[in-house]
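Sequential numbering from 1 along the given sequence is applied to the chain's residues. Numbering of ligands and ligand atoms starts at 1, following listing order.
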Amino acid sequence: MTVSGHFITFEGGEGSGKSTQARRLAERLRETGATVVVTREPGGTETAERIRDFLLSGRGEGFGAEGEAILFAAARADHVDRVIRPALERGEWVLSDRFFDSTRAYQGGDGVDEALLSALEHLAVGSVRPHLTLLLDLPVEAGLARAAKRRGEGDVPDRFERETVERHDRRRQAFLAIASREPERLIIVDASRGEDEVAAHVWRAVELRLLTSQEAR
Ligand code: TYD
């Protein structure tokens, strides 16, 4: 079946505001009459949410970075099959808070080799690739402070949030490297600005990359 919808992913480090921006973009698109599915990874289906709980609790750590990469890919395959591909086939918009670039940046940054990552990517997503990826970029310390504030007191950081600033910075650099390799797909958005400014940048990117080119088709 042909895929006529639009697939947008939001990527970036901890506390970069991806879920807020995905929600705001969805509202704006709905005002134009579009049908929009907002989803997230790991997760997005009942089974994938179970894998999410397992991974974020740290119980998957014993598998090592490769094992975690395989589990993220298993969750992704289910998410693509049951939610993303069907919505795109119906011509809808799909906005996902994280997708395969997170595996490249996180598990790649943790030492999983490129060949395994691309094989998993191929298995999990097939031809379902984002048309546009918004990389919400900001300094690691600022993102971690936001994430801590969002969590509130008494709530413990998850398995990935707990790691060192150095490790998070490696992931930030990995995301930026993907953006420079694939400028036709990724747009870097300065996420240290205020929420409204970031939302305006996101909207301009969507207009420019997806809405204008659609009218021209
Ligand atoms: P989440 O609470 O969604 O983090 P955030 O709010 O920062 O998006 O938790 C997802 C965590 O899982 C996050 O730390 C990144 C990590 N992750 C990976 O390591 N690999 C992946 O493929 C995905 C999708 C997420």
Side-chain angles (χ1 to χ4, degrees), residues 7-23 38-45 47-80 83-84 94-112 114 116-125 128-130 133-152 155-165 167-175 178 189 191-192 195 198:
F7 184 22
I8 302 178
T9 57
F10 288 79
E11 297 280 5
E14 313 294 328
S16 55
K18 299 179 303 303
S19 27
T20 306
Q21 293 300 330
R23 204 186 55 240
V38 181
T39 188
R40 68 166 180 188
E41 287 212 347
T45 67
T47 320
E49 289 288 332
R50 267 187 266 150
I51 298 180
R52 175 190 177 90
D53 287 345
F54 181 75
L55 285 167
L56 298 197
S57 69
R59 278 175 291 159
E61 244 179 312
F63 283 116
E66 283 193 1
E68 287 182 312
I70 292 167
L71 289 168
F72 277 113
R76 181 161 305 128
D78 194 54
H79 188 208
V80 168
V83 175
I84 301 176
V94 177
L95 313 185
S96 185
D97 178 352
R98 297 194 184 277
F99 197 58
F100 59 33
D101 295 310
S102 282
T103 306
R104 295 185 191 173
Y106 281 71
Q107 283 62 55
D110 288 347
V112 178
E114 290 262 348
L116 176 63
L117 290 180
S118 18
L120 289 173
E121 200 170 289
H122 185 69
L123 265 173
V125 314
V128 179
R129 300 195 159 255
T133 296
L134 297 150
L135 173 56
L136 302 195
D137 179 61
L138 86 168
V140 168
E141 284 88 348
L144 290 175
R146 275 195 200 167
K149 202 164 155 205
R150 181 185 59 193
R151 257 195 330 269
D155 224 1
V156 288
D158 70 40
R159 137 103 185 80
F160 295 94
E161 283 169 344
R162 277 201 295 272
E163 290 170 339
T164 61
V165 169
R167 205 142 165 202
H168 284 296
D169 197 55
R170 210 155 62 215
R171 291 168 181 156
R172 181 184 185 201
Q173 300 312 323
F175 276 127
I178 301 169
V189 177
S192 62
E195 195 187 306
V198 175

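Of the protein's non-hydrogen atoms, the one nearest atom 12 (O) of ligand 1 is L56 CD2, 3.5 Å.
The closest side-chain heavy-atom distance from R129 to F100 is below 4.5 Å. Put simply, the side chain of R40 does not reach to within 4.5 Å of the side chain of K18, judged on heavy atoms.
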Could you check E161 against R150 for salt bridge (charged side-chain N to carboxylate O under 4.0 Å, His left out), going step by step and ending with a plain yes or no?
CA-CA 12 Å; E161 283 169 344; R150 181 185 59 193; 3.6 Å; yes
For D101 and R104, what are the C-alpha separation, side-chain angles and deciding distance, and is it a salt bridge (charged side-chain N to carboxylate O under 4.0 Å, His left out)?
CA-CA 5 Å; D101 295 310; R104 295 185 191 173; 3.5 Å; yes
Steps toward side-chain contact (heavy atoms from CB on, under 4.5 Å) verdict (R76, V125)
CA-CA 7 Å; R76 181 161 305 128; V125 314; 3.7 Å; yes
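Listed by atom number, the atoms of ligand 1 under 4.0 Å from T103 heavy atoms are 21 (C), 22 (O). Those atoms of ligand 1 that come under 4.0 Å of a heavy atom in K18, given as number and element, are 5 (P), 7 (O), 8 (O). Which parts of ligand 1 touch R76 is read off a 4.0 Å heavy-atom cut-off, strictly below it: atoms 22 (O), 24 (C). When each atom of ligand 1 is checked for a heavy atom of Q107 under 4.0 Å away, the hits are 18 (C), 19 (O), 20 (N), 21 (C), 22 (O). Counting atoms of ligand 1 from 1 in the listed order, those under 4.0 Å from a heavy atom of R52 are 1 (P), 2 (O), 3 (O), 9 (O).
Scanning F72, F10, F99, F160 for the heavy atom closest to atom 17 (N) of ligand 1 points to F72. With distances taken over non-hydrogen atoms, the option nearest atom 13 (C) of ligand 1 out of R150, E14, E161 is E14.
Counting only N and O atoms by type, the side chains of E14 and H168 include no donor and acceptor under 3.5 Å apart.
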